[in-house]
Undergrad: 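This structure is in structure tokens; I'll ask about it shortly.
By convention in this document, chain letters (A, B, ...) are assigned in the order of the sequence lines, proteins followed by strands, and residues within each chain are numbered from 1.
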Amino acid sequence: MSGRSVTGWVLDVIPDACGMTVWFRAKPGKTLALKAPFRPSFTLAGGKLRDAGIRAAAQRWRCDVAPGEGIEFFSGKTMPAWTLTVTSPALLMATVRKAENAFGPMALFNADVAPEQQFSFSTGLYPLARAQVECAPDGTILSSRVLDDPWDVEAPWPAVTTAFLKVEGKGHPAHGRTRPLLFAADGRTHVLLWEDGERFLRDFQKLLADADPDLLVTEYGDDFILPRMLALAAMHRAPFLIGRDPRAAGRRDSGGGEIRRSRERSYVTYGQVIFRAAPHMLSGRWHVDARNSFLFGETGLPGLFELCRLSGITLQRMARSSPGTAISAMEVALALRRGILVPYKKREPEEFKSGADLVTTDKGGLTYLPRPGLHEKVGELDFASMYPSLMDRYNISPETINCACCGKRSPGGRPGTPVPEIGAHTCARRRGLIPDTLAPILEKRRLLKGRQKAALAPDARDFFRKRQTALKWILVVSFGFLGYKNARFGRIEAHEAVTAWGREKLLAAKEIAEREGFFFLHGLTDAVWVEKEGAAEEDYRELAEKIGRETGMPIALEGVYRWLAFLPSKRNPSVGVPNRFVGAFADGEIKARGIAMRRRDTPPFVAAFQRALLARMSEAEDLAALREMMPELREMEKDAAIALREGRVPPEALAVSRRLSKEPERYVANTVAAAVTRELCGRGVTLHPGSKIRYLLTGDGSAETRGRAIGFLDGSESPDLARYEQMLHEAADEVLCLVVGG
DNA sequence: AAAGTACGGGG
DNA sequence: GTGTACGTACTTT
């Protein structure tokens with residue numbers, strides 16, 4: 001009876017030399033730093049390993065060794081395995097490297113699972129878990145009991161207090177003149193000036209201490225604000241405390257001991273170069289840089305909580321990761337639970353380049369080319385989470401595709417499930433790791449969508465929407481991971497099986513629709529557009545039900561369009577393209593793809609104009625009403641042009657945004673964007689592949705004079721009116737071209 | 001005409 | 001601590 005019992009939530013788990021620091025929310029406003037001794041481990045396995053050799057090595061590396069067995073992922077066969085436990089989380093990486101040198105990378109398993117995830121998996125104290133812990137007087141956790149289940153849709157979550165920190169105005173603060181800092185908490189905003197460094201740091205820390213938020217949301221905190229503050233503190237040799245770690249207070253290292261920083265990087269994903277600033281992670285408080293977090297931007301705090309709970313990844317790391325990291329961690333967690341040996345995935349940058357021919361693509365989905373034209377009362381039907389649902393339903397996984405146990409020469413000759421078109425089969429005896437990871441996610445997303453629909457208050461609806469959107473994202477990327485050669489649990493044949501089934505199902509949807517007397521207009525991977533004289537919403541719903549029943553795949557009516565335009569290709573106006581269309585649903589909602597307002601590089605003013613045009617067009621009940629609207633729509637274009645000419649449009653609204661795809665000095669073509677990149681570099685701004693730039697188009701002449709960086713405008717510049725008017729005109733024409741013709 | 005550059009998707 | 005596509009559109013050479 002040496003300890004006390006505390007009930008609350010795990011907020012964060014941070015490895016150190018002795019084990020884990022568990023930041024624990026005991027009650028509102030009370031956060032405890034508990035200690036949990038923890039020793040991470042990894043596994044050696046393989047036919048050539050000898051017990052004596054492993055024991056000798058383990059002794060050299062001061063590891064405990066436990067012989068046992070593990071399941072080889074692809075074959076499902078059991079083999080001897082030795083689990084090596086290191087004495088401290090800090091030693092894991094170094095010991096894994098030694099083991100790799102001694103026994104080769106192929107003998108290593110479960111070797112790149114982060115210590116905090118190992119801790120989550122083995123104790124159940126995953127981030128945001130509700131638990132009851134028994135602690136010693138010094139805060140050491142003696143025992144714990146997890147009180148909730150990450151799969152529980154209704155599990156209670158901790159209340160979180162938030163403060164916001166950003167530089168005044170828009171855009172990257174380093175890409176313009178110095179602007180003051182804004183700190184917002186408890187409904188009040190405070191302005192801080194950088195000029196008097198010592199005072200600035202003092203004021204900021206006072207504000208932060210008074211507000212004492214659990215979460216500090218910044219804009220460009222990783223990229224600008226925190227590094228600048230740290231540099232300022234170092235320059236003035238001033239203390240700088242931004243987390244809640246009391247141990248940091250005694251140090252004079254300007255917060256260096258309290259902020260964990262990892263490296264900045266540029267990386268390519270889905271053909272786009274992304275720059276990610278060095279994460280600045282705090283102790284006892286979360287820092288999320290909203291501008292450096294895809295997931296926070298898309299799904300907010302509820303989405304991050306959801307993914308932390310399911311994946312065991314801590315919140316600050318999750319905020320800076322892709323959905324792929326979460327799904328990958330969940331696959332690993334399930335593999336570990338089942339005793340499957342998780343292959344070691346070495347980081348070998350030189351291998352990245354060589355694999356171009358094996359690269360996976362999102363190709364393989366069935367696409368049609370719709371004939372350009374206008375339609376009324378079109379129904380759009382979408383298969384829900386088509387690819388993950390197929391993986392679940394047809395048991396598609398790297399180890400189940402063309403498995404030996406169901407092959408032609410299998411004992412007893414029991415056949416697997418044939419995959420259409422590609423002459424492959426999936427296992428009919430043993431469920432795959434990937435489908436078993438996905439099935440509960442699909443189910444939870446379905447439940448969350450149901451709660452979203454049923455919720456009455458907008459807040460509650462938003463809460464469920466964000467959570468189900470987070471799950472949607474990990475479902476989307478789970479498919480990409482399946483086909484990526486270097487992914488832990490990837491195999492190209494599994495990827496092909498999914499797209500083959502996808503084509504089969506889309507084709508089936510088309511045929512069922514046609515059989516039922518609908519005219520097939522367009523199909524795109526998991527969606528079909530169909531029409532039928534006199535069909536109402538109810539008829540489309542019935543069709544969706546029929547298709548769902550016959551294909552065994554959930555499909556829903558996305559909506560019935562009042563009018564819908566499949567837009568022509570700009571290069572060749574007589575043909576359509578799969579992904580350029582715009583239409584208005586019966587409820588007035590617009591759905592548009594491939595047009596200016598959907599593009600990031602379109603100036604906000606032009607995008608807003610196109611949106612306004614479509615908003616008006618969405619009021620037209622049918623094509624006749626739309627045609628009658630034409631004079632009014634052209635009038636809108638004229639009004640926008642007048643606002644532009646009269647100087648009523650601020651430069652911010654005219655900014656063209658671009659993301660650099662390479663190092664600034666590597667640009668060959670002398671484009672306006674390249675000239676602005678040079679301008680920014682000349683002003684001392686650091687730009688990387690993936691950095692975003694924004695510029696105003698100004699007058700004609702050489703590239704140098706045709707664009708200016710938004711952040712350094714001095715008021716003497718005037719926008720290139722002719723160019724912007726042309727953009728307005730093109731934005732209008734793009735959505736009106738077919739209406740004019742009719 | 002060819003090469004360089006950037007965009008979307010999903011909801 | 002992620003996952004190097006592909007087709008379209010536009011600009012420069």
Undergrad: Which of the following nucleotides, B:dC7, C:dG1, C:dT12, is nearest to the side chain of A:A669?
TA: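 In terms of side-chain proximity for A:A669, the closest of B:dC7, C:dG1, C:dT12 is C:dT12.
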Undergrad: Examine A:K662 relative to A:Y667 and say whether NZ or CZ is less than 6.0 Å from the centre of the six-membered ring and inside a 45° cone about the ring axis.
TA: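 Because its charged atom sits under 6.0 Å from the ring centre and within 45° of the axis, A:K662 does stack over A:Y667.
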Undergrad: To the nearest Å, how far apart are A:E264 CD and C:dT2 P?
TA: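 So the two atoms are 16 Å apart, to the nearest Å.
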Undergrad: Please state how far atom CG in A:N579 lies from atom C1' in C:dT8, giving the value in whole angstrom units.
TA: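 In whole Å, C:dT8 C1' lies 10 Å from A:N579 CG.
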Undergrad: Report yes if at least one side-chain N or O of A:S661 is closer than 4.0 Å to OP1 or OP2 of B:dA6; otherwise report no.
TA: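 True: A:S661 side-chain N/O within range (under 4.0 Å) of B:dA6 OP1/OP2.
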Undergrad: Looking only at atom P, what distance separates B:dG10 and C:dT8, rounded to whole Å?
TA: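 B:dG10 and C:dT8 have their P atoms separated by 16 Å.
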Undergrad: Can you tell me which nucleotide in B:dT5, B:dG11, C:dG3 comes closest to the side chain of A:K662?
TA: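 Between B:dT5, B:dG11, C:dG3, the one nearest the side chain of A:K662 would be B:dT5.
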Undergrad: Quick one: is A:K570 getting a side-chain N or O under 4.0 Å of the C:dT8 phosphate, OP1 or OP2?
TA: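 No, A:K570 has no side-chain N/O under 4.0 Å of OP1/OP2 on C:dT8.
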Undergrad: Rounded to whole Å, how long is the line connecting atom NZ of A:K591 with atom P of B:dG11?
TA: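 Checked: the NZ to P distance equals 6 Å.
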Undergrad: Are OP1 or OP2 of C:dT12 and a side-chain N or O of A:R706 less than 4.0 angstrom apart?
TA: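 True: A:R706 side-chain N/O within range (under 4.0 Å) of C:dT12 OP1/OP2.
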Undergrad: For A:N670 and for A:P578, find the nucleotide of DNA chain C with the closest heavy atom, then tell me which residue's nucleotide is more 5'.
TA: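 It is A:P578 whose nearest nucleotide is closer to the 5' end.
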Undergrad: For the side chain of A:R445 and the base of B:dG10, is some donor closer than 3.5 Å to an acceptor across the two?
TA: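 It does not, because no donor-acceptor pair links the side chain of A:R445 to the base of B:dG10 below 3.5 Å.
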Undergrad: Between B:dG8 and A:R593, is there an OP1 or OP2 to side-chain N/O distance shorter than 4.0 Å?
TA: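 No, A:R593 has no side-chain N/O under 4.0 Å of OP1/OP2 on B:dG8.
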Undergrad: I'd like to know whether A:L92 forms a side-chain contact (heavy atoms from CB on, under 4.5 Å) with A:F42, so could you lay out the CA-CA distance, the side-chain angles of the two residues, the decisive distance to 0.1 Å, and finally the verdict.
TA: CA-CA 8 Å; A:L92 181 65; A:F42 64 98; 4.0 Å; yes
Undergrad: Hey, are A:S569 and A:R580 close enough side-chain-wise for a donor-acceptor pair under 3.5 Å?
TA: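 Their side chains do not contain a donor-acceptor pair, so the 3.5 Å distance test is not met.
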Undergrad: What's the closest nucleotide to the A:R263 side chain, out of B:dG8, C:dT8, C:dG1?
TA: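 The answer is C:dG1.
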Undergrad: If you only use heavy atoms from C-beta on, which nucleotide in B:dG10, C:dT11, B:dT5 is closest to the side chain of A:V668?
TA: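 Of all the options, the side chain of A:V668 is nearest to B:dT5.
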Undergrad: Across the strands shown, which category fits A:R580 at heavy-atom distances under 4.0 angstrom: base, sugar-phosphate, nothing?
TA: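 Contact class for A:R580: sugar-phosphate only.
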Undergrad: Classify A:S322 by what it touches in the nucleic acid, base, sugar-phosphate, or nothing, heavy-atom distance under 4.0 Å.
TA: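 Answer is sugar-phosphate: A:S322 comes under 4.0 Å of backbone atoms only.
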Undergrad: Calculate the interatomic distance between A:I327 atom CD1 and C:dG3 atom P; express it in whole Å.
TA: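 A:I327 atom CD1 is separated from C:dG3 atom P by 13 Å.
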Undergrad: What's the CE-C1' distance between A:M330 and C:dG1, to the nearest Å?
TA: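 Atom CE in A:M330 sits about 18 Å away from atom C1' in C:dG1.
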Undergrad: Side chain of A:V672 only, heavy atoms from C-beta on: which candidate in B:dG11, C:dT12, B:dC7 is closest?
TA: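 Nearest listed nucleotide: C:dT12.
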Undergrad: I need the CG-P distance between A:D112 and C:dT2, as an integer number of Å.
TA: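 That distance rounds to 12 Å.
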Undergrad: Provide the Watson-Crick or G-U wobble partner of C:dC6, both distances under 3.5 Å; none if there is no partner.
TA: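 Here C:dC6 is engaged in a pair, and the nucleotide opposite it is B:dG8.
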Undergrad: Hey, does the side chain of A:S321 come within less than 4.0 Å of C:dT2's phosphate (OP1/OP2), counting only N and O?
TA: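 Indeed, a polar side-chain atom of A:S321 lies that close.
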Undergrad: Does NZ in A:K692 sit with more than 12 non-hydrogen atoms of other residues, nucleotides or ligands closer than 6.0 Å?
TA: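 For A:K692, atom NZ is not crowded (no more than 12 foreign heavy atoms under 6.0 Å).
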Undergrad: Donor-acceptor check, side chain of A:D112 to backbone of A:Y344, threshold 3.5 angstrom: yes or no?
TA: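 The answer is no, because no donor-acceptor pair under 3.5 Å joins these two groups.
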Undergrad: OP1, OP2 of C:dT2 versus side-chain N and O of A:T325: anything below 4.0 Å?
TA: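 For A:T325, the contact criterion (side-chain N or O under 4.0 Å from OP1 or OP2 of C:dT2) is met.
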Undergrad: Check this for me: does the side-chain of A:R659 come within 3.5 Å of the base of B:dA6 through a donor and an acceptor?
TA: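 No pair found.
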Undergrad: A:Y667 side chain N/O closer than 4.0 Å to the phosphate oxygens (OP1, OP2) of B:dA6?
TA: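 So the side-chain polar atoms of A:Y667 do come within 4.0 Å of the phosphate oxygens OP1 or OP2 of B:dA6, strictly under.
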Undergrad: Please work out if A:R598 contacts a base, only the sugar-phosphate, or nothing of the nucleic acid, heavy-atom cut-off 4.0 Å.
TA: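 Since a base atom lies under 4.0 Å of A:R598, the category is base.
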Undergrad: Closest to the A:F294 side chain: B:dG10, B:dG8, C:dT2?
TA: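 The listed nucleotide nearest to A:F294's side chain is B:dG10.
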Undergrad: Looking at the side chain of A:D601, which of C:dT8, C:dG1, B:dC7 is the nearest nucleotide?
TA: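 Side chain of A:D601 sits closest to B:dC7.
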Undergrad: From the set B:dT5, C:dT8, C:dG1, return the single nucleotide nearest to any side-chain atom of A:R571.
TA: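 Minimum distance to the A:R571 side chain belongs to C:dT8.
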Undergrad: When you check the phosphate oxygens OP1 and OP2 of C:dT2, does a side-chain N or O of A:S328 lie under 4.0 Å from one of them?
TA: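 The answer is no; no side-chain N or O of A:S328 sits under 4.0 Å from OP1 or OP2.
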Undergrad: Closest to the A:R276 side chain: B:dC7, C:dG1, C:dA9?
TA: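 For the A:R276 side chain, the nearest candidate turns out to be C:dG1.
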Undergrad: To the nearest Å, how far apart are A:R658 CZ and C:dT11 P?
TA: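 Answer to the nearest Å: 9 Å.
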Undergrad: Report yes or no: do A:Q316 and A:W286 form a side-chain donor-acceptor pair below 3.5 Å?
TA: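 The criterion, which ignores hydrogens and geometry beyond distance, is not satisfied for A:W286 and A:Q316.
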Undergrad: Taking CZ from A:R600 and P from B:dA6, how many angstroms apart are they, rounded to a whole number?
TA: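 Rounding to the nearest Å, CZ of A:R600 and P of B:dA6 are 11 Å apart.
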Undergrad: Pick one: which of A:W501, A:W473, A:Y387 meets ring-ring contact (aromatic ring centres under 6.0 Å, His included) with A:F479?
TA: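 For A:F479, the ring-ring contact (aromatic ring centres under 6.0 Å, His included) check succeeds only for A:Y387.
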Undergrad: So do the side chains of A:I313 and A:P127 get within less than 4.5 Å of each other, counting heavy atoms only?
TA: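 Sidechains of A:P127 and A:I313: no contact.
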Undergrad: Below the 4.0 Å mark, does C:dA9 have OP1 or OP2 next to a side-chain nitrogen or oxygen of A:S569?
TA: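 Answer yes for this pair, as a side-chain N or O of A:S569 is under 4.0 Å from OP1 or OP2.
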